[in-house]
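Report on the structure given below.
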Amino acid sequence: MSVRRHDVVVVGGGNAGISLAAKLLRDGCRDVAVVEPKDVHHYRPLLSYVAGGAATLDDLRRPEIEVVPRGVHWYRDRVTAVDPDASVVHLAGGDALGYGDVVLCPGSRVDWDAIPGSREAVATVHASTSYLPEHAPDTWRMLESLTSGRAVFVISDRHVPCAPVGLKPLFMAADHWRRTGVLGDVTIDLLVEGDHLVGLARADRELRAAAARYDVRVRTGTTVERVDPSGRTLHLRTPDGPGTLGYDALYLAPPHRAPEWVATSGLADEGSDGFAAVDPQTLQHRRHPRVWALGDVATVATSPSGGALRQQVPVVAHNVAARRTGAPARRYDGYTVAPVTTSRHALLLAEHDRDGNAEPTVPFPDLVRPGRGLYLFDRYLEVEVYWHRLLRGKVS
Ligand SMILES: Cc1cc2nc3c(=O)[nH]c(=O)nc-3n(C[C@H](O)[C@H](O)[C@H](O)COP(=O)(O)OP(=O)(O)OC[C@H]3O[C@@H](n4cnc5c(N)ncnc54)[C@H](O)[C@@H]3O)c2cc1C
């Protein structure tokens, strides 16, 4: 086994990993390595628009080589373990990388096992999800072709990245059904595991009002325990007890889980569901000071989102350097954002901290009021901001 050493090793070349690597270079760190097995980088927020029939997969994909910052050493490999005592990262290909600091950004992945029957259900034409690129186009095919019957939208609160965006396919489909004159023939149920649709109270009210305009039956505190794909039936746990619900079209924002090697490397705590146990403010590991985590894999006591990385990236970049110089650490207040369409042309932005306090990027206009400008911003402009600013570490 050969061991090469880098000043900072970043695990994962997704939104968090590439943005952080670029920011570290900008801040003067000379020796940064990224480990990422995939050749293609996805701008994942556009998956919701693919599922809503307003984008294609081509709109959100770029070769990974184009987004890895020049000067960063890219290992096209997969991390299988981190040994924080030896300060070594192990790769599937057999190599090992020594590090000064290691930053975990491997994201999370769909946990089909959390809802028995859900994996089998999405293999049929009657169920789908926007949370995987291979299913997002099917979601729109399924919703667009429904002209009568029951459409059920399910949003889990178990580590789903930017969970409220699961409402985008709902509102875009409902608007489509209204425009094509079939809304009255489609019964829409929204089942939400948590007690709110989004973590900002005023935005929650806006979304419930939008749901009411399409006659959506909203049920919070409702968990899908099992799916029976052949009978097209959901088995539910509700505040009133167990129940069942049939469906003709089923959309799932399914539970997610952390990569297993985070826990087997001793980097998750009991109660963290296997996610990296970092201080939610400094993003430094609670027991291993040279280990950091951000993005969907980190326990940060707020809803994970790409928007949250605008603040997490500069915090980690600063704190990695501060650990070495003894400078005071920067703190992340739990800022997160959920952009949710309320139709095929309007969108609101719910920006808040981890306590649910509003934290708008700009005081004016009111971003919680659904508008066309915001829709265009989220669908088109934000995509360019992602490729040209966020992935290039242009955050402060
Ligand atoms: C359908 C959908 C819609 C979304 N919409 C929005 C939105 O509108 N607004 C918003 O702010 N956020 C949104 N998000 C959330 C946002 O995309 C994520 O929060 C963000 O991508 C998290 O970045 P990450 O780097 O932590 O994870 P990812 O972007 O998932 O990247 C993780 C990377 O790590 C790699 N990796 C995994 N395991 C290993 C390993 N063992 N070794 C090396 N590399 C590994 C993966 O291949 C991947 O490239 C959405 C997410 C989805 C799925």
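One-based numbering along the sequence shown. Predicted model only: the values in this text are computed from it and were never measured. Every number for a ligand or one of its atoms is a count from 1 in the order of the listing.
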Tell me whether ligand 1 is touched by V297 - counting only heavy atoms on the residue side and a distance under 4.0 Å. no

Would you check if L381 and L376 make a side-chain contact, meaning some heavy-atom pair closer than 4.5 Å? no

Could you check whether any side-chain N or O of T223 sits under 3.5 Å from a backbone N or O of E225, counting only pairs where one atom can act as donor and the other as acceptor? no

Under 4.0 Å from any heavy atom of G295, which atoms of ligand 1 are there? 26 (O)

Can you tell me the protein heavy atom closest to atom 29 (O) of ligand 1 and the distance? N15 N, 3.4 Å

Can you list the ligand 1 atoms lying under 4.0 Å from a non-hydrogen atom of L309? 23 (O)

Taking atom 45 (C) of ligand 1 as the reference point, the nearest protein heavy atom with its distance: P37 CD, 3.8 Å

Is it the case that over 12 heavy atoms from other parts of the model lie below 6.0 angstrom from the NZ atom of K38? no

Please say whether more than 12 non-hydrogen atoms of neighbouring residues, nucleotides or ligands are located less than 6.0 Å from CG in D215. no

Option of least heavy-atom distance to atom 5 (N) of ligand 1 (set: P45, G14, P304): P45

Can you tell me the protein heavy atom closest to atom 8 (O) of ligand 1 and the distance? P339 CG, 3.3 Å

Could you tell me which atoms of ligand 1, counted from 1 in the order shown, lie closer than 4.0 angstrom to a heavy atom of C162? 6 (C), 7 (C), 9 (N), 10 (C), 12 (N), 13 (C), 14 (N), 15 (C)

For ligand 1, which atoms sit closer than 4.0 Å to a heavy atom of G307? 10 (C), 11 (O)

Proximal atoms of ligand 1 relative to K168 (non-hydrogen, under 4.0 Å): 8 (O)

Any residue meeting side chain to side chain donor-acceptor pair (under 3.5 Å) with R178, in chain and number order, not counting sequence neighbours: none

Quick one: do R257 and D111 make a salt bridge, cutoff under 4.0 Å? yes

Which of parallel (below 30°), tilted (30 to 60°) and perpendicular (above 60°) describes Y43 and Y386? tilted

Using heavy-atom distances only, which candidate in G13, A298, A16 approaches atom 25 (O) of ligand 1 most closely? A16

the protein heavy atom lying closest to atom 52 (C) of ligand 1 turns out to be Y131 CE2, 3.7 Å

For atom 39 (C) of ligand 1, which candidate among A81, P106, C105 holds the nearest heavy atom? P106

Is it the case that over 12 heavy atoms from other parts of the model lie below 6.0 angstrom from the CZ atom of R78? no

Pairwise side-chain contact, F171 with L207, heavy-atom cut-off 4.5 Å (strictly under): yes

Atoms of ligand 1 close to S48 [distance to a heavy atom under 4.0 angstrom, numbered from 1]: 3 (C)

Could you tell me the residue and atom name of the protein heavy atom closest to atom 35 (C) of ligand 1, and the distance to it rounded to 0.1 Å? E36 OE1, 3.1 Å

Kindly check if the number of other-residue, nucleotide or ligand heavy atoms within 6.0 Å of CZ (R226) is above 12? no

So which heavy atom in the protein is nearest atom 1 (C) of ligand 1, and how far is it from that ligand atom? S130 O, 3.4 Å

Give me the nearest non-hydrogen protein atom to atom 26 (O) of ligand 1 as residue plus atom name, then the distance to 0.1 Å. D296 N, 3.0 Å

Aromatic rings H159 and F275: how do their planes relate, parallel, tilted or perpendicular, breaks at 30° and 60°? parallel

Ligand 1 to W261, heavy atom cutoff 4.0 Å, flagged ligand atoms 41 (N)

To check your reading of the model: name the closest protein heavy atom to atom 16 (C) of ligand 1, its residue, and the distance in Å. G306 N, 3.5 Å

Would you indicate whether E270, at its atom CD, is surrounded by more than 12 heavy atoms from other residues, nucleotides or ligands within a distance under 6.0 Å? no

State the atoms of ligand 1, each with its element, that fall below the 4.0 Å cut-off from a heavy-atom position in K38. 47 (O)

